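Letters A, B, ... mirror the listed sequences (proteins, then strands); counts begin at 1. The structure displayed is predicted, hence computed values, not measured ones.
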There are 2 protein chains.
Amino acid sequence: MVWTVRSKPGSRLRDRVLQRSARTSGLPPALQPAPRTEPPTPAHEPPALRQNPRMPKPATIIDVAREAGVSIKTVSRVVNREAGVHAETREQVERVMARLNYRPKQSARSLAGGRSFLIGLLYYDPSAAFVGGVQQGATLRCREAGYHLVVESLHNDAPDLPMQVDRMVSALRPDGMILTPPLCDNPQVLQALRDSQTPCVLISPAADNPEHPSVRMDDVHAAEEITNLLISLGHQRIAIIKGARDQVASKRRYQGYAAALKAHGIALDKDMVVQGDFTFPTGVEAAYQLLSRRQRPTAVFASNDEMALGVLVAAQRLGLEVPGDLSIAGFDDTPAAARVWPPLTTVRQPMDEMARAAVDLLVGTRGGEGAAQEGGAGGQHRVLKHELIVRDSTAASVDKPTRARKAS
Amino acid sequence: MVWTVRSKPGSRLRDRVLQRSARTSGLPPALQPAPRTEPPTPAHEPPALRQNPRMPKPATIIDVAREAGVSIKTVSRVVNREAGVHAETREQVERVMARLNYRPKQSARSLAGGRSFLIGLLYYDPSAAFVGGVQQGATLRCREAGYHLVVESLHNDAPDLPMQVDRMVSALRPDGMILTPPLCDNPQVLQALRDSQTPCVLISPAADNPEHPSVRMDDVHAAEEITNLLISLGHQRIAIIKGARDQVASKRRYQGYAAALKAHGIALDKDMVVQGDFTFPTGVEAAYQLLSRRQRPTAVFASNDEMALGVLVAAQRLGLEVPGDLSIAGFDDTPAAARVWPPLTTVRQPMDEMARAAVDLLVGTRGGEGAAQEGGAGGQHRVLKHELIVRDSTAASVDKPTRARKAS
DNA sequence: CTGAAAGCGCTTACAG
DNA sequence: CTGAAAGCGCTTACAG
């Protein structure tokens with residue numbers, strides 16, 4: 001069939017610009033196109049929540065382009081801070097964007113550009129202070145970088161874990177994922193993420209994974225430092241309450257404890273090692289055990305603050321003065337650690353910084369240096385500095401004269 | 001200018017289907033189009049995170065339509081569970097979707113359909129167990145409903161709060177927002193949300209807002225019940241430790257306490273009322289005050305668990321038996337409440353259910369009944385049932401004979 | 001330094 | 001019950 005057309009069909013862009021202009025043309029009000037009403041509410045939308053239908057529609061890139069007298073491509077360049085835009089042009093566009101209160105729509109950017117501006121955070125135990133700290137750091141860094149954080153709570157042992165992960169990444173196509181323990185060590189989760197080609201960063205994984213970058217702190221070293229502190233205060237009988245058996249952090253903190261003792265020539269006494277599981281009651285229980293020994297410890301290093309709090313409560317109940325009769329050190333620097341009496345000596349995990357670093361790795365901020373730093377086939381492993389927080393729950397041993405007030 | 005074309009231009013759809021088919025045509029391998037390589041990595045993307053470039057692209061609605069021998073519109077109907085698709089057609093499409101592992105892309109659905117499938121959660125204090133509980137319930141309900149939860153941490157007193165809110169909603173266009181205290185009572189936040197026409201649900205607001213639906217529990221009644229419990233155990237000198245002055249929950253819990261006393265003809269003794277601020281140390285401090293009175297209370301109702309824990313520690317330190325010498329009741333049912341010894345009698349806030357109800361309100365699940373239920377100009381206010389958790393920190397008063405074991 | 005065109009993958013609004 | 005076309009609001013790939 002032969003068709004004859006009288007003119008080159010106008011581009012869609014031009015049509016739309018014209019159409020929009022008509023609304024503000026000189027037509028008498030009665031002839032102006034009626035404001036678009038909302039489509040009939042679908043059955044699945046609650047009518048009560050539908051809002052004022054004649055609110056002006058948000059400005060689009062086309063509106064900005066028209067007002068600024070440039071092409072939409074140029075507006076796009078300004079929005080994305082691409083180099084190579086005349087300074088005057090840029091300023092003009094920025095002025096119009098501000099005036100129209102223009103905000104690029106993420107779904108359009110995502111569809112066209114392949115970036116979703118979404119970062120996913122996968123976690124297991126929502127009540128863990130650790131997850132909360134990571135989430136906090138991640139949201140703030142995301143905001144700075146123009147991204148948003150989508151959270152997903154998963155059971156580490158759910159049978160359909162891979163499917164849950166797949167559903168999330170397939171629908172949202174996040175630009176990256178942040179995994180916290182124990183999910184960051186779950187092979188099924190990692191495989192699902194690889195299948196979907198989603199970049200991810202592991203936070204405090206059990207072991208460095210060559211396939212994925214990770215961010216963590218040095219638990220061994222921190223535990224060693226805190227034990228050194230106790231030793232430097234003159235303590236010789238230093239007990240440790242170990243954390244949950246299935247968590248790597250437990251093992252690492254114990255390692256640091258043992259290393260410090262060894263370095264100072266203090267024999268590791270089995271009676272000074274009690275198993276806990278990171279909960280308050282096991283701290284209490286362990287303390288009762290330890291404090292009833294013929295040779296009582298003069299200091300206790302609990303593998304986390306919650307257990308340290310248990311030790312504190314048990315000691316006070318037994319009529320012991322802290323730190324007069326017993327020094328107590330924890331790990332984590334939870335909010336409660338600073339609030340109890342006496343406030344706890346502990347280690348602050350840099351959860352916030354770990355999360356920020358993870359986001360940086362994913363969105364590529366200072367990705368250049370970061371990526372070069374460590375090398376490794378697709379994996380770089382950052383170790384962030386922790387902080388020893390010395391408060392009043394630790395003091396010089398009653399057995400020996402004080403040697404120093406603080407250590408490393 | 002006059003153009004002559006030899007055929008009606010093919011629709012974009014048909015072109016694309018043909019183009020895709022060509023890839024699997026009988027052409028010798030050498031002539032087949034090369035697999036698309038990733039575009040050169042932009043400066044802002046970390047090279048280390050780019051993945052295998054020749055992974056097959058995910059199936060689109062067009063692939064499914066072609067394989068199933070239907071139009072994309074029909075696939076769309078199946079995906080959205082619209083009525084009016086022949087059963088056989090539906091099953092055929094579903095089979096193909098499963099085989100191709102098809103997942104609709106949310107950015108495309110969002111751009112075309114105006115729904116983002118995103119729900120926003122705005123919170124202030126990330127360490128609050130309350131927020132954690134709400135988030136947990138919200139993520140789970142979102143997953144069930146095919147939505148995702150985007151979290152945003154905001155300072156309630158940030159000068160640019162409205163802008164921060166606006167940036168989020170303008171970029172993401174979430175289908176709804178969930179606000180927790182104190183943000184749900186912040187006029188600036190609410191105004192910004194109204195400006196953007198984003199539906200929102202308030203969780204536990206200070207007062208019912210006629211403009212927005214809300215979900216909460218009945219703090220007054222819960223406090224009354226717990227006080228009744230203590231009264232029924234024979235206690236007459238029941239102290240209360242009030243919560244932070246600026247939180248409505250504090251006031252409501254005190255109201256319930258006072259109401260219960262009045263109903264039982266017990267005079268409100270000013271010496272039995274101490275101000276706290278919801279933190280552990282104020283619980284300890286208040287307990288010392290109360291327990292040093294000439295007329296010591298036999299029971300203490302702390303306005304939250306954290307303060308109740310403080311009372312517990314203080315009591316034990318003073319050599320008092322709990323609950324033998326002193327009954328203690330808290331509020332919140334935090335994880336610690338069940339773990340301390342003795343475990344705390346308290347009230348469980350239905351945070352999970354509140355969050356789920358909020359999501360339902362926003363996505364319109366059972367919106368029909370929900371919306372009709374309460375009426376109100378655009379606002380419906382749901383009050384969910386709390387739960388009185390009676391544990392071992394409360395027992396019969398030593399002063400009076402036991403009257404009952406439980407109340408209401 | 002700037003722009004015109006095509007396309008991302010869906011849904012809406014119609015038409016039959 | 002099913003489908004063809006247009007369009008959502010951007011970015012990419014080119015071209016100049």
Side-chain angles (χ1 to χ4, degrees), chain A residues 8-17 19-20 36-40 42 57-65 68-80 82-90 92-93 102-117 170-171 173, chain B residues 8-17 19-20 36-40 42 57-65 68-80 82-90 92-93 102-117 170-171 173:
Chain A
K8 179 179 177 186
S11 75
R12 231 176 60 204
L13 168 56
R14 199 174 308 131
D15 288 348
R16 279 156 65 195
V17 169
Q19 182 192 325
R20 281 188 175 255
R36 275 214 234 166
T37 53
E38 289 289 314
K57 299 188 70 172
T60 71
I61 197 172
I62 296 180
D63 300 320
V64 176
V70 299
S71 72
I72 60 169
K73 176 59 197 167
T74 295
V75 177
S76 174
R77 285 193 178 96
V78 172
V79 166
N80 293 297
E82 287 173 31
V85 177
H86 206 84
E88 280 174 33
T89 311
R90 172 183 307 277
Q92 161 69 356
V93 170
Y102 172 67
R103 302 265 185 275
K105 192 164 175 173
Q106 87 93 19
S107 58
R109 299 181 80 182
S110 175
L111 182 57
R115 300 168 67 196
S116 66
F117 298 94
S170 305
R173 319 279 163 104
Chain B
K8 179 180 177 184
S11 77
R12 230 177 64 204
L13 167 57
R14 198 176 306 133
D15 289 348
R16 279 157 65 194
V17 169
Q19 181 193 327
R20 283 191 172 249
R36 275 215 234 164
T37 54
E38 288 288 313
K57 300 188 68 172
T60 70
I61 198 171
I62 296 180
D63 300 320
V64 175
V70 298
S71 72
I72 61 168
K73 176 58 197 167
T74 295
V75 177
S76 174
R77 287 193 176 94
V78 173
V79 166
N80 293 296
E82 287 173 31
V85 177
H86 207 82
E88 282 174 31
T89 312
R90 172 185 305 277
Q92 161 68 357
V93 170
Y102 171 66
R103 302 263 187 276
K105 192 165 175 173
Q106 87 92 21
S107 58
R109 298 180 82 183
S110 176
L111 181 57
R115 300 169 65 196
S116 66
F117 298 94
S170 305
R173 319 277 163 109

Practice prompt. Starting at atom CG of A:L111, determine the distance to atom P of C:dC8, rounded to an integer number of angstrom.
Written response: 9 Å
Worksheet entry | Spacing of B:E82 atom CD relative to D:dG3 atom P, expressed in whole Å | 14 Å
Discussion item. Do A:T60 and A:K105 make a side-chain contact, defined as non-hydrogen atoms from C-beta onward lying under 4.5 Å apart?
Written reply: no
Discussion item. With a 3.5 Å limit on both atom pairs, tell me what C:dA4 is paired to, counting Watson-Crick and G-U wobble, or say none.
Written reply: none
Worksheet item: Of all the nucleotides listed (D:dT2, C:dG9, C:dG3), which has the minimum atom distance to the side chain of B:T60?
Response: C:dG9
Worksheet item: Could you give the CD1-to-C1' distance, from B:I72 to D:dA4, as a whole number of Å?
Response: 9 Å
Discussion item. What is the separation between atom CZ on B:R173 and atom P on D:dC8, rounded to the nearest whole Å?
Written reply: 13 Å
Fill in: Distance in angstrom units between A:K73 NZ and C:dA5 C1', rounded
12 Å
Fill in: Residue A:H86, side-chain atoms from C-beta onward, closest of C:dC1, C:dC8, D:dT11
C:dC1
Item to complete: Tell me whether the OP1 or OP2 atom of C:dC1 has a side-chain N or O from A:T89 closer than 4.0 Å.
Response: no
Discussion item. Within the 4.5 Å heavy-atom criterion, are A:I61 and A:Y102 side-chain neighbours or not?
Written reply: yes
Worksheet entry | Between C1' of D:dC10 and CD of A:Q106, the distance in whole Å | 11 Å
Worksheet, complete the sentence: Of the listed C:dT2, C:dG9, C:dT11, the closest approach to the B:N80 side chain comes from C:dT11
Practice prompt. Could you please name the option among D:dT11, D:dG7, D:dT2 that lies closest to any side-chain atom of B:A112?
Written response: D:dG7
Discussion item. Treating B:S107 as the side-chain partner and A:S110 as the backbone partner, does any N or O pair qualify as donor plus acceptor under 3.5 Å?
Written reply: no
Item to complete: Return the nearest nucleotide to the side chain of B:V85; candidates are D:dT11, D:dT2, D:dG3.
Response: D:dT2
Fill in: Selection from D:dC10, C:dG9, C:dC10 that lies nearest to any side-chain heavy atom of A:Y102
D:dC10
Worksheet entry | Residue pair B:P58 / B:D63: nearest heavy atoms and the distance that separates them | O-OD2, 4.3 Å
Worksheet, complete the sentence: When rounded to whole Å, the CZ to P distance for the pair B:R77 and C:dT11 reads 11 Å
Item to complete: Round to the nearest Å and state the distance from A:D63 atom CG to D:dC10 atom P.
Response: 9 Å
Item to complete: For D:dA4, take OP1 and OP2 only and decide whether either is under 4.0 Å from a side-chain N or O of B:S71.
Response: no
Worksheet item: Counting any heavy atom closer than 4.0 Å, what does A:S110 reach on the DNA or RNA strands: base, sugar-phosphate only, or nothing?
Response: nothing
Worksheet entry | Residue-phosphate contact under 4.0 Å: A:T74 side-chain N/O, C:dT2 OP1/OP2 | no
Discussion item. Within the 4.0 Å heavy-atom criterion, would you say A:V70 contacts the bases, only the backbone, or no part of the nucleic acid?
Written reply: sugar-phosphate
Worksheet item: Roughly how far, to the nearest 0.5 Å, is OG1 of A:T74 from CD of A:Q92?
Response: 11.5 Å
